[in-house]
Amino acid sequence: MIKFQRSDKKWWRKPLVLENNKSLPAELAVLHLSLKEDEQGVWLNSRTTKTGVSDLQEIASGKFKTVRLSLPIYVQDCLRSFYDLPDVSKGVFDLVIWRMSDFSIRFVEVKCPHWDKPTAEQLRFSELAERKGIATEIIEWEFEES
């Protein structure tokens, strides 16, 4: 269980956490903490195969701007292979992380167990990914008690 301080800011009505004194959605904070050496990754906050969110930057107006990263072709192909399955209309994990040196991919689902549990679709996705030899993980987080 990862514990984060609560930010006083929100993004799209989503409460943000503080990671290195920066306000971020928990998914991005977990992404940044989960990356190992030589890995890159994104938050798949929409059903896309070409890009994902790698960061959130606060701009002068106090609003936020997403920073998107293009996915390598082999990661795009992997995502498409899931999206093309008839029983995977939803449930793809929050984060996709890859390492170009060995073309590895792993998926991470980010959950706050106080209000969010893995869905049947997400459990099915995890099963399908692991059958393809792709590691999956569920990382839980919560706000620190003040």
Side-chain angles (χ1 to χ4, degrees), residues 1-57 64-146:
M1 174 79 66
I2 300 174
K3 294 183 184 268
F4 292 111
Q5 285 184 291
R6 184 185 298 263
S7 169
D8 61 350
K9 299 178 176 160
K10 291 189 175 188
W11 178 63
W12 294 96
R13 294 187 297 184
K14 185 176 187 62
L16 301 179
V17 304
L18 287 174
E19 190 241 333
N20 291 327
N21 293 318
K22 185 175 180 177
S23 296
L24 292 171
E27 292 85 354
L28 286 177
V30 169
L31 172 67
H32 296 166
L33 293 172
S34 297
L35 291 175
K36 298 173 185 168
E37 189 174 333
D38 295 332
E39 285 185 329
Q40 290 183 286
V42 296
W43 176 25
L44 298 169
N45 70 334
S46 63
R47 190 178 165 104
T48 181
T49 59
K50 298 200 182 285
T51 66
V53 178
S54 62
D55 203 1
L56 189 68
Q57 296 180 340
F64 291 94
K65 174 184 171 189
T66 57
V67 177
R68 297 191 76 82
L69 181 65
S70 294
L71 303 178
I73 296 296
Y74 79 96
V75 175
Q76 292 180 34
D77 291 344
C78 176
L79 287 170
R80 254 189 246 96
S81 76
F82 285 105
Y83 291 149
D84 289 345
L85 295 172
D87 54 349
V88 184
S89 61
K90 53 186 178 176
V92 174
F93 277 23
D94 292 317
L95 310 177
V96 60
I97 297 172
W98 64 89
R99 185 183 351 253
M100 295 292 290
S101 61
D102 62 3
F103 299 104
S104 63
I105 297 173
R106 61 189 176 100
F107 290 103
V108 176
E109 180 62 23
V110 179
K111 295 288 183 193
C112 180
H114 301 291
W115 64 75
D116 198 15
K117 304 271 187 238
T119 65
E121 292 90 354
Q122 289 167 332
L123 295 174
R124 174 81 175 128
F125 173 80
S126 178
E127 179 184 302
L128 292 169
E130 289 182 7
R131 274 196 216 151
K132 289 184 175 204
I134 300 170
T136 65
E137 179 180 13
I138 296 174
I139 295 180
E140 294 183 333
W141 72 277
E142 65 184 359
F143 289 116
E144 286 181 349
E145 297 296 322
S146 321

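Everything numeric in this text was worked out from a predicted model, so none of it was measured. FYI, side chains are in, hydrogens and waters are out, and symmetry mates aren't considered; it's all heavy atoms of this structure.
Ring pair Trp115/Phe143 is tilted by interplanar angle, where 30° to 60° counts as tilted. The aromatic rings of Phe93 and Phe107 sit perpendicular to each other, their planes meeting at more than 60°, with 30° as the lower class boundary.
The two atoms that bring Leu123 and Pro118 nearest to each other are CD2-CB, 4.0 Å, heavy atoms only. When all heavy atoms of Asp102 and Arg99 are compared, the closest pair comes out as OD1-O, 3.3 Å. The two residues Ser23 and Leu18 have their closest heavy-atom pair at OG-CD2, 3.7 Å. Minimum interatomic distance between Phe64 and Lys9 (heavy atoms only, all atoms of both residues): CZ-CD, 3.9 Å. Heavy atoms only, all atoms of each residue included: Lys22 and Leu56 are closest at CE-O, 3.1 Å. Across all their heavy atoms, Ser54 and His32 have their closest contact at O-NE2, 3.0 Å.
Side-chain contact between Pro25 and Leu16 is present, with at least one heavy-atom pair separated by less than 4.5 Å. Met100 places a side-chain heavy atom less than 4.5 Å from the side chain of Trp98. Residues Leu85 and Phe125 have side chains not in contact (no heavy-atom distance under 4.5 Å, counting atoms from C-beta outward). Leu31 has its side chain within reach of Ile97: a pair of non-hydrogen atoms, C-beta onward, lies under 4.5 Å apart. By the 4.5 Å heavy-atom criterion applied to side chains, Phe4 and Val30 are counted as neighbours.
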### Query
How far apart are the C-alpha atoms of Trp43 and Thr66, what are their side-chain angles, what is the distance that settles it, and do they pass the side-chain contact (heavy atoms from CB on, under 4.5 Å) test?
CA-CA 11 Å; Trp43 176 25; Thr66 57; over 6 Å; no
### Message
Glu27 vs Asn45, test: side-chain contact (heavy atoms from CB on, under 4.5 Å). Steps then yes/no.
### Response
CA-CA 9 Å; Glu27 292 85 354; Asn45 70 334; over 6 Å; no
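Gln76 contributes a side-chain N or O that, together with a main-chain N or O of Leu71, makes up a donor-acceptor pair within less than 3.5 Å. Between the side chain of Asp94 and the backbone N or O of Val110 there is at least one donor-acceptor pair closer than 3.5 Å.
Results of the side-chain hydrogen bond (donor to acceptor under 3.5 Å, both in side chains) test with Lys111 over Glu140, Glu142, Gln122 single out Gln122 as the only residue that passes. Exactly one residue among Leu69, Val42, Leu24 makes a side-chain contact (heavy atoms from CB on, under 4.5 Å) with Asp55. That residue is Leu24.
For Thr136 and Glu130, the side-chain atoms include at least one donor-acceptor pair closer than 3.5 Å.
The CZ atom of Arg68 lies 6.0 Å from the OG1 atom of Thr48; values are rounded to the nearest 0.5 Å. To the nearest 0.5 Å, the span separating SG on Cys78 from CD1 on Ile134 amounts to 3.5 Å. We find the CD-NZ distance between Glu145 and Lys3 to be 7.0 Å, quoted to the nearest 0.5 Å. Taken from OG1 in Thr49 to CG in Asp77, the straight-line distance is 8.5 Å, to the nearest 0.5 Å. Interatomic distance, OG of Ser70 versus CD of Gln40, reported as 10.5 Å (0.5 Å rounding). Interatomic distance, CG of Leu95 versus CZ of Arg106, reported as 9.0 Å (0.5 Å rounding).
The cationic group of Lys132 lies under 6.0 Å from the six-membered ring centre of Phe82 and within 45° of the ring axis, placing it in a cation-pi geometry.
No more than 12 heavy atoms of other residues, nucleotides or ligands sit less than 6.0 Å from atom CZ of Arg6.
Ion pairing of Glu127 with Arg124 is present here, as a side-chain N (NZ or NE/NH1/NH2) and a carboxylate O approach within less than 4.0 Å.
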